[in-house]
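So the structure is just underneath, and the comments pick up after that.
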Amino acid sequence: MKIATYNINGINGRLHNLLRWLAEEKPDIVCLQELKAPDNLFPEQALLGIGYNAIWLGQKSWNGVAILSKYEIKETRRGLDGEPEDTHSRYIEAFINGVVIGCLYLPNGNPWPGPKFEYKLRWIARLQAHANKLLSFDLPVALIGDYNVMPTELDTYKPEKYLSNALFRPESREAFKILVDSGWTDAIRKLYPEEPIYTFWDYLRNAYGRNAGLRLDHFLLNDKLNSRLLSAGVDKQVRGWVHSSDHAPVWITIE
DNA sequence: ATGGCTCCCCTTGGGAGA
């Protein structure tokens, strides 16, 4: 079973690319982030037309998450507890083919310091609380998506440039590390412990052409799913397509 | 320090992204 994540950066503006990628790579489950579309403009019919069921949590202009699958999707949650006034659409979760799939879009948090950075840290704490609950289930679980964190220096083309950036601040990296160490495995790093792997290239300054990338999109697996992990990769070529998102799709395969 | 790009919207400029 192939599970993927893709920050699409506007699902309607890039629907052609999304459909092409789905047709070429045929993932069984897909977590999408940054739909940038309200619920009523989610392109459900186009996805059903190529064999994908979908659930989504949209929002006008910003954020928005969705889960696509060739299997039946049983939604188990939308949103995280702990901050009822939070209106951002950043978390949706489902039970699919025996696996709990949490799809998340973690706040960017820039500029640092400031209220957006504080929101980012609070959001990670809320995710940590929910992750702790998920670990109490006797089920395979994956927390998948755009974490907006480069976990280590290996995950950015130029670490010194990002020391004041919310995506690489020590507070962000420490919170991510505590989350992983609480019972999860970073699937990409498990399979590729030494080499730089990027999932995002900025639109600016020919970042993709220079391979000036960041690793922001992660798969955290609990032990029950980690033991079934077979392979992982980045569909880097998709970032080179016309009208591409600034992220590339990332995937794992599970026994 | 700024701008370089690209999306979105009560659009022709600003907010947000990373």
Side-chain angles (χ1 to χ4, degrees), chain A residues 5-21 31-43 56-66 86-91 103-124 127 145-173 175-176 188 196-218 234 236 238-250:
Chain A
T5 184
Y6 189 12
N7 180 320
I8 191 68
N9 188 16
I11 191 170
N12 287 309
R14 308 190 196 283
L15 184 59
H16 177 80
N17 277 12
L18 175 62
L19 297 176
R20 176 183 169 187
W21 169 70
C31 296
L32 295 176
Q33 303 85 30
E34 278 205 89
L35 304 179
K36 292 186 173 178
D39 282 336
N40 63 316
L41 292 182
F42 183 87
W56 60 94
L57 179 60
Q59 181 178 339
K60 192 173 64 177
S61 301
W62 298 304
N63 309 314
V65 286
D86 182 3
T87 57
H88 292 196
S89 295
R90 295 183 177 276
Y91 188 85
C103 170
L104 64 102
Y105 175 49
L106 207 143
N108 176 302
N110 279 307
W112 171 85
K116 291 187 175 183
F117 187 69
E118 297 305 314
Y119 171 62
K120 177 176 194 158
L121 297 183
R122 289 200 309 278
W123 204 92
I124 298 176
L127 178 64
D146 179 359
Y147 280 76
N148 268 320
V149 176
M150 294 94 89
T152 74
E153 295 195 345
L154 198 54
D155 300 312
T156 163
Y157 67 101
K158 191 177 282 191
E160 65 275 16
K161 179 179 161 59
Y162 285 89
L163 293 174
S164 298
N165 190 297
L167 283 65
F168 199 57
R169 284 292 307 163
E171 300 91 331
S172 305
R173 294 158 62 189
F176 182 84
I188 297 281
I197 292 180
Y198 303 137
T199 67
F200 166 92
W201 295 263
D202 204 305
Y203 290 121
L204 309 177
R205 297 172 296 263
N206 188 33
Y208 181 65
R210 296 183 294 120
N211 196 29
L214 310 172
R215 188 172 76 100
L216 304 178
D217 302 275
H218 308 306
V234 179
K236 184 176 175 180
V238 176
R239 178 62 182 82
W241 292 353
V242 176
H243 302 310
S244 168
S245 168
D246 40 8
H247 293 249
V250 191

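Throughout, protein chains are lettered first and strands after them, A, B, ... in sequence-line order, and every chain is numbered starting at 1.
Across all strands shown, A:Asp202 has no heavy atoms under 4.0 Å from either base or sugar-phosphate atoms. If you check every strand for non-hydrogen atoms under 4.0 Å, A:Lys116 touches sugar and phosphate atoms only. Residue A:Tyr162 is classed as having no contact, given no heavy-atom separation below 4.0 Å to the nucleic acid. If you check every strand for non-hydrogen atoms under 4.0 Å, A:Asn165 touches nothing. Here A:Tyr105 lies in heavy-atom contact (under 4.0 Å) with sugar-phosphate atoms only.
Put simply, chain A comes within 4.0 Å of DNA chain B, heavy atom to any atom, from B:dG3 to B:dA18, going 5' to 3'.
Taking the six-membered ring where tryptophan is involved, the planes of A:Trp21 and A:Tyr6 are perpendicular, since the angle between them exceeds 60° and thus also 30°. Relative orientation of the A:Tyr208 and A:Trp201 rings is perpendicular, given thresholds of 30° and 60° on the angle between their planes.
In this structure, A:Tyr105 has its ring center no closer than 6.0 Å to that of A:His88. When ring centroids are compared, A:Phe176 and A:Tyr147 come within the 6.0 Å threshold.
Rounding to the nearest 0.5 angstrom, the gap separating the CG atom in A:Leu216 from the OG1 atom in A:Thr156 is 9.0 Å. Atom CG in A:Leu57 sits 11.0 Å away from atom CZ in A:Arg90 (nearest 0.5 Å).
The same atom, P, is picked in B:dC10 and in B:dA16; the two are 14 Å apart, to the nearest Å. A gap of 14 Å separates the C1' atoms of B:dC8 and B:dT12, to the nearest Å. If you take atom P in B:dT11 and the same atom in B:dA1, they sit 36 Å apart, rounded to whole Å.
Mapping A:Leu41 and A:His88 onto DNA chain B by nearest heavy atom places A:Leu41 at the nucleotide closer to the 5' end.
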- Query: For A:Asn7 and A:Asn9, what are the C-alpha separation, side-chain angles and deciding distance, and is it a side chain to side chain donor-acceptor pair (under 3.5 Å)?
  - Reply: CA-CA 6 Å; A:Asn7 180 320; A:Asn9 188 16; 5.7 Å; no
- Query: Would A:Trp62 and A:Glu34 count as a side chain to side chain contact (heavy atoms under 4.5 Å, CB included) if you check the C-alpha gap in whole Å, the side-chain angles of each, and the deciding distance to 0.1 Å?
  - Reply: CA-CA 7 Å; A:Trp62 298 304; A:Glu34 278 205 89; over 6 Å; no
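A:Lys236 and A:Asn211 are linked by a side-chain donor-acceptor pair at a separation below 3.5 angstrom, with hydrogens and angles left out of the test.
Using a 4.0 Å cutoff on non-hydrogen atoms, the parts of residues 6-14 of chain A near DNA chain B are A:Asn7, A:Gly13, A:Arg14, ordered by number.
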